[in-house]
Enquirer: 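Handing you a structure now.
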Amino acid sequence: MAKQKNAISPTREEDYPEWYQQVVRAADLAENTPVRGCMVIKPWGYGIWENIRDALDGMFKETGHKNAYFPLFIPKSFLQREAEHVDGFAKECAVVTHSRLEADKDGILQPAGELDEPLIVRPTSETIIGELFARWVQSYRDLPLLINQWANVVRWEMRPRLFLRTAEFLWQEGHTVHATAEEAIEETHLMLRTYADFAENWLAMPVLRGEKTEAERFPGAETTLCIEAMMQDRKALQAGTSHFLGQNFSKACGIKFQGVQGKEELGWTTSWGVSTRLIGGMIMTHADDDGLIVPPRVAPTQVAILPVTPKEDSRVQVLEACEALSKEINECTAFDLPVRVEMDDRDLRGGEKYWQWVKKGVPLTVEVGPRDLENGTVFVGRRDLGGKREGMKREEFISSLEDTLVAIQKNLFTKAQDFQKENTREIDKREELYEYFTAKNSSKPEIHGGFALIHWDRNPKWEEQLKNDLKVTIRCIPEGVSVPGTCLFSGQASPGRVVVAKSY
RNA sequence: CGGGACGUAGCGUAGUCUGGUUAGCGCGCCUGCUUUGGGAGCAGGAGGCCGAGAGUUCGAAUCUCUCCGUCCCGACCA
């Protein structure tokens, strides 16, 4: 055991996409199924999603939103109501055309009972929710209408990837109606701030907030705001979006109300969503060559207790001590919730068991053996410190537990933030930009590039060219700071820098 | 959906070009013994209609065709 060995092969450096898949598998998060593009989310992965869901749900409720549930199916004609919207989603829709199966002569089941109007499995619910909102909104007194739904959606993706792009995925979609444009716009900013807050404080994933360019906008939106995170291969991941839909969907769905003056007006709507993709982002932000690292706030188990029972005669005492420790840990709180602890008393060899938890990314492992019982110590491993393990007094461990979990959470964020900063550059010369995004070794491209902050005159022509030449896109126009400069393509005036990166 | 690579046990693979006895190997799994603050050792064992279908052939994992699936690059996207 002299040589350091990595639990995940290949390493990030060797083959990043393959590393990602191996991490997902080693951590037992999810796997592919017989249904193309559809994954099964296994308990450890789903536990993370439950924590994400619960945290966000609380935030939505704090900001005045209520949950509801809308149909899985959308009549084709609904989707067709908004021209840009249908254009954007038509190519990736699952379509239901029949209502039953009938056995033919050879006993083979055939679709039968053709529907008058095909139903689309929702790729997103603006049109069906809009239809119902039109019924619910009559008066300015009904506004604002602030609704969220937790649901699954289907987008028939050509190139699925676990968590990042699956044909079916879990998400939440918020849909709101407001009396004025200003109020709706403020809503989109509020939800974007909520997403950024969640990403940074729960997932420990630093994000940039900004607005999408016209080319990158949600189909049917007036403006799309987004949060963008940097993965360890320095690509950008769109981690959440918040759309100001103007009156486009109100027009399409007939969301009208009588204003204070008695005049009939169209509502102003928004929609916003995050999905199980967040888990993909979390993985690629924190995981290392030994597997996953889950930030404590979303970890299904924060502390794994591993009894070490080398001798039969001390076995019972060790297990009892672990049981007691487990109880005591559970009585502690961290992040205002009871600490989630699991005792792993499976009949496995110690080292093996320990490594399973490392690969799952549990924040803390606590090993307890006979010697610890005598000395009143525990052997603690912190996943974020690369598995460095050390003995400490039991009381000390308990009393510092909350601080430790908070420190892990913070450390993960800081590390990710440093990484993002190191790989973000202001670039003012076109050649430099091209060099930045060109791999040195074209036959086997190394990880290169990052975020480039460039001045752009807002002419879509250059955006198109960037995409063609370098396969990079303008990820967002960052919020807040806008120092004018000179466009690096045209030499024309630029109202402020934009973020350019390769994306997922 | 375009270009490329590839499907052999749960995972990773040899064999495929140059068709030919019971398809090897490593990890994992099961059993036993040994070991025990560490992803261990030894021994034994289970597990494959070689992705599916059709064809060529006396004979196909191997050759041909068609599907299906996976991965990478592109287009698209949460």
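Here is how names work: the chains are called A, B, and so on, in the same order as the sequence lines, proteins then strands, and each is numbered from 1.
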Enquirer: Which nucleotide, in any strand shown, forms a Watson-Crick or G-U wobble pair with B:U64, with both distances under 3.5 Å?
Expert: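 Its partner is B:A54 (Watson-Crick or G-U wobble, both distances under 3.5 Å).
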
Enquirer: Taking the side chain of A:Lys467 as heavy atoms from C-beta outward, which of B:G37, B:A75, B:G39 is closest to it?
Expert: B:A75

Enquirer: Using a cut-off of 4.0 Å on non-hydrogen atoms, how would the nucleic acid contact of A:Glu92 be classed: base, sugar-phosphate, or nothing?
Expert: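 Touches sugar-phosphate only.
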
Enquirer: Just compare B:C71, B:A78, B:C11 and give me whichever is closest to any side-chain atom of A:Gln21.
Expert: B:C71

Enquirer: Looking at B:A78, B:U36, B:G38, which one has an atom nearest to any side-chain atom of A:Arg155?
Expert: B:A78

Enquirer: Does the ring of A:Trp171 lie flat against the base of B:A78, closer than 5.5 Å centre to centre with planes under 30°?
Expert: no

Enquirer: Within the 4.0 Å heavy-atom criterion, would you say A:Gln356 contacts the bases, only the backbone, or no part of the nucleic acid?
Expert: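 The answer is nothing, as A:Gln356 stays clear of every strand by at least 4.0 Å.
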
Enquirer: From CZ of A:Arg122 over to P of B:C77, roughly how many Å is that when rounded to an integer?
Expert: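 That distance rounds to 21 Å.
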
Enquirer: Measure the spacing between CG of A:Leu164 and CD1 of A:Ile283 and express it to the nearest 0.5 Å.
Expert: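 Rounded to the nearest 0.5 Å, the CG-CD1 separation comes to 7.5 Å.
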
Enquirer: Report the nucleotide, chosen from B:G74, B:G37, B:G39, that has the shortest atom-to-atom distance to any side-chain atom of A:Lys471.
Expert: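 Closest nucleotide to the A:Lys471 side chain: B:G74.
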
Enquirer: Within the structure shown, what part of the strands sits under 4.0 Å from A:Arg36 by heavy-atom distance: base, sugar-phosphate, or nothing?
Expert: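 Sugar-phosphate, no base atom in range.
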
Enquirer: When the ring centroid of A:Phe249 is compared with that of A:His175, is the distance short of 6.0 Å?
Expert: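 No; A:His175 has its ring centre 6.0 Å or more from that of A:Phe249.
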
Enquirer: A:Arg161 side chain: which of B:G39, B:G37, B:C72 is closest?
Expert: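 Out of B:G39, B:G37, B:C72, the nucleotide with an atom closest to A:Arg161's side chain is B:C72.
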
Enquirer: Out of B:G37, B:C71, B:A78, which has the shortest distance to the side chain of A:Arg371?
Expert: B:G37

Enquirer: Just by distance, do the side chain of A:Arg122 and the backbone of A:Pro71 share a donor-acceptor pair under 3.5 Å?
Expert: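 Answer holds: yes.
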
Enquirer: Taking any heavy-atom pair under 4.0 Å as a contact, classify A:Gly273: base, sugar-phosphate, or nothing.
Expert: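 Here A:Gly273 touches no strand at all.
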
Enquirer: So for A:Asn32 and B:G69, does any side-chain atom that can act as donor or acceptor lie under 3.5 Å from a complementary atom in the base?
Expert: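 For A:Asn32, whose side chain was compared with the base of B:G69, there is no donor-acceptor pair (under 3.5 Å).
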
Enquirer: Would you mind telling me which of B:A78, B:C72, B:G39 lies closest to the side-chain atoms of A:Lys359?
Expert: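 Looking only at heavy atoms from C-beta outward on A:Lys359, the closest nucleotide is B:G39.
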
